Structure formats: C-alpha cells, structure tokens
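As the structure is a computational prediction, the values presented were derived from the model and not from experiment.
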Number of protein chains: 2
Amino acid sequence: MITDNSTMQLLQQEMAIFIRRAEAARIAYLSEHDCDRSTYLLLQHLKKNGPVGLKAMSTSLQLDISTASRQIASLEAKGFVERTSDPKDARVSLLQLSEEGSSFLRRAKELRHQFFTLLLGEWSQEECEQFGQLLQKFNQTVEQFRQRKISLLKENEQ
Amino acid sequence: MITDNSTMQLLQQEMAIFIRRAEAARIAYLSEHDCDRSTYLLLQHLKKNGPVGLKAMSTSLQLDISTASRQIASLEAKGFVERTSDPKDARVSLLQLSEEGSSFLRRAKELRHQFFTLLLGEWSQEECEQFGQLLQKFNQTVEQFRQRKISLLKENEQ
DNA sequence: TCAATTAGTTGTAAGATACAACTATCGATA
DNA sequence: TATCGATAGTTGTATCTTACAACTAATTGA
C-alpha cells in the first residue's frame, strides 16, 4: 500500500506528459515511414494470433469492435490484411496478414528499433529493461483491475 | 548504446499498449469526476506558473498555440480560468486559475491519488518511485532529443 | 512611419475511440 | 422446423486531442 503522496504526484504528472510526448515523438520522427500506434498493434496482433475474427481480436485488444472494424477496413484497403470467411460461421470473417502487411510490419519494427536506439542512446541496458518491465507490469495491473472490477460489478448485480 | 533487440521490442510494445490502457482506465474509472489529461496538465501548469500568456504556456507544454487556445477557451467557459490583459502588451492575455479552477484541480488531484492508490495497491513503494522516475527520464530524453534535433536542423540550414 | 514579427483565434482536417442502431447469421427450443 | 434471442460485424454520429494554415490585432525595429 502506497501512502507517499509525492510519489503518486510524480507518477500522475509524468504519465500524462508521457502519453503526449511519446506519441508526438513518434509522429515527428517516424511518421513518414511508420504506421500509427493502432495499426502497429493490430498488425502485431494478427501476426501473432494467426487468422482471427474481429470480435476475438477486439476483445483481446480491449477495443470496441466498431473501432477495430474501421481500423481493419483501412488496413484492408492498403492491402495489409486479408479476410476469408469462416467456413464454420458465416458471420465471421477471418483476418490475417498479407505478404505486404507482413513485410510492412517487419520494416516498421526495424524503423522503430532504430529510432529507439537513437533516442535512448544514453540509457543503460538495465534502465531500458526496467522501464519495459514496469510498463508491462502497469498494463497487466490495469488489465487485472478491469477484470476484478467487472466481476465485482457482476456480483453486486446478482 | 543498446543493442538488445528483445528489450526494445518489449519497450515498444508495452509503450503502445500503455498509452491506450492508461487513458482508457482513467476514463473508465474517473471520468465522472475527473477532467481529461489535457485539462489536468493545463490547470496544473497555470497553478505552478502563475499568470502567463498563451504563447508562453503552449511553448512550455509543447502544444501548438491553437490547441492551447481552444483548450483554454473551454476551461474559461467552465469558469476555471480567468484572463486579464497584459498592461505591457495588449496582444497578450494573462491566464490564471480562478477559485473554482483551483478547487477543481485540488479535487481532481485527490481523486487521482485515490484511484492510483487503489490501482497500484499491490505495487511496492519502490516500484512506484522507479516507474515515476523512468517516465520522467523518458520525457526529459524526448525533450532533449527534440531540442538537439531542432538545433541540428538549424545548423544544417545555415 | 511602415514593414516584419508576434499573440491569439478560427477554419479545417485527421486519428482514435465509443455508443447506438442496424443487418446478417447462428442456435436453441417450442 | 420455424421463430426468436444472441452474436459478428458495419455504419452513423459524436467527442477528444491535436496540428497546420489563414487571418486579425498589436508591437517593434529600421
């Protein structure tokens, strides 16, 4: 249990700034050759999770299905994603990376890697690892909180 | 210099997720009584930096002045911000927190503090501190990078 | 005094996101 | 098996954050 106010203060403040800065930096230095945050996450997800339906995907990414639907539509238009209808359920169209999507993702990853290497040139390996792990832990904490909250609500409803 | 690919991989991935999750969590659990990220940062800035003009403020916050102008306009409409024209320069209107703005900010801070305390209930004091510091360091790194980049560009131009 | 600069506003646009209304399909049961 | 409730997905609408560009009004330096 944390009671130290100034720690929280710092955390909040820097989180708010971080969200703004991180995005701005990506846009300023990568945008030409990169894709946006959402595209990146979507492509990444498709690469890892093979052919999946929109619902399944939006659920794992914690996105509203309408949001995912639009984003996928735009990726499809660019030729990065292909759909085949699920033989077992005609409502579902299975999504997967196309060749182009795949190589685009590879390229985007490389670029990001280069950019981060440059940006974090003065950081030690250890700091980078720690930061990555703390971000991951935070994300997991939010996820767990969300689930706990939902189940609490459900219990209350009953 | 970092060369470890998987560290970078983790960092990128978790950063992208973090931006989404952090915002979603705030909205989901605080939105009723809270203000958005930008409002929070603006109010906070005004509190710390007393009466300032729009330009000065948008520069320190690294926001386009048009963005800041609109956000301030909306805060003004809510009665959180007051403007007085600068006697030394009629183009400038000096912005400062009103009483309501001030107490709203106090309340928002408290709420956030409560929420974070709940969310990070399982985190140790040390982890919180570390995370806050790493976020801060990252923000500073981006800021420095931006300035270096700009001055490099200027040198090249000459 | 007049041209160039600066502060600020407003028009327009784009990306991320959500909710709600709708269509098409599925599956269980009466 | 015909129907009705649930589910997958799309589309309309809306909000938030942000930026760039065009504009106005005030300032300042030559």
- Query: What string of B, S and - do you get for nucleotides 17-22 of chain D 5' to 3' if you count protein non-hydrogen atoms under 4.0 Å?
  - Reply: SSBBB-
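The base of D:dT27 has none of its N or O atoms less than 3.5 Å from a complementary donor or acceptor on the side chain of B:Arg91.
Residue whose closest nucleotide on DNA chain C sits further toward the 5' end, between B:Gly53 and A:Asp89: B:Gly53.
Protein atom NZ of B:Lys88 is 15 Å distant from nucleotide atom P of C:dA7, rounded to whole Å. When the P atom of C:dG15 is taken as reference, atom CG of A:Leu41 falls 17 Å away, rounded to whole Å. At whole-Å resolution of the value, CG in B:Asp86 and P in C:dT6 are 17 Å apart. Rounded to an integer number of Å, the gap from A:Leu54 CG to C:dT25 P is 16 Å. Atom pair B:Glu76:CD and C:dT9:C1' shows a separation of 12 Å (rounding to whole Å applied). For the pair B:Leu75 CG and C:dT9 P, the computed distance is 13 Å after rounding to whole Å. For the pair A:Lys78 NZ and C:dG15 C1', the interatomic distance rounds to 11 Å; values are reported in whole Å. For the pair B:Ile19 CD1 and C:dT17 C1', the interatomic distance rounds to 14 Å; values are reported in whole Å.
Ring orientation note: the planes of A:Trp123 and B:Phe138 are nearly perpendicular, at an angle over 60° on the 30°/60° scale. The aromatic rings of B:Phe104 and B:Phe80 lie parallel to each other, their planes meeting at an angle below 30°, with 60° marking the opposite boundary.
The side chain of A:Lys55 lies closest to D:dA8 when the candidates are C:dT6, C:dT9, D:dA8. For B:Val92, taking side-chain heavy atoms from C-beta onward, the closest of the listed nucleotides D:dG9, C:dG8, D:dA26 is C:dG8.
Dashed line: the shortest gap from a side-chain N or O of B:Arg21 to OP1 or OP2 of C:dA16 is not under 4.0 Å. At D:dG9, none of the side-chain N or O atoms of A:Ser69 fall inside 4.0 Å of OP1 or OP2 (strictly under the cut-off).
A donor-acceptor pair shorter than 3.5 Å cannot be found between the side chains of B:Thr141 and A:Glu122.
With respect to A:Asn139, the side chain to side chain donor-acceptor pair (under 3.5 Å) criterion is satisfied by exactly one of B:Arg20, B:Glu14, B:Gln13: B:Glu14. If you run side-chain contact (heavy atoms from CB on, under 4.5 Å) between B:Ser102 and each of B:Leu97, B:Leu43, B:Leu46, only B:Leu97 comes through.
A donor-acceptor contact shorter than 3.5 Å is absent between the side chain of B:Ser74 and the backbone of B:Arg70.
Here A:Ser93 pairs with A:Arg83 under the side-chain contact (heavy atoms from CB on, under 4.5 Å) rule; sequence neighbours left out.
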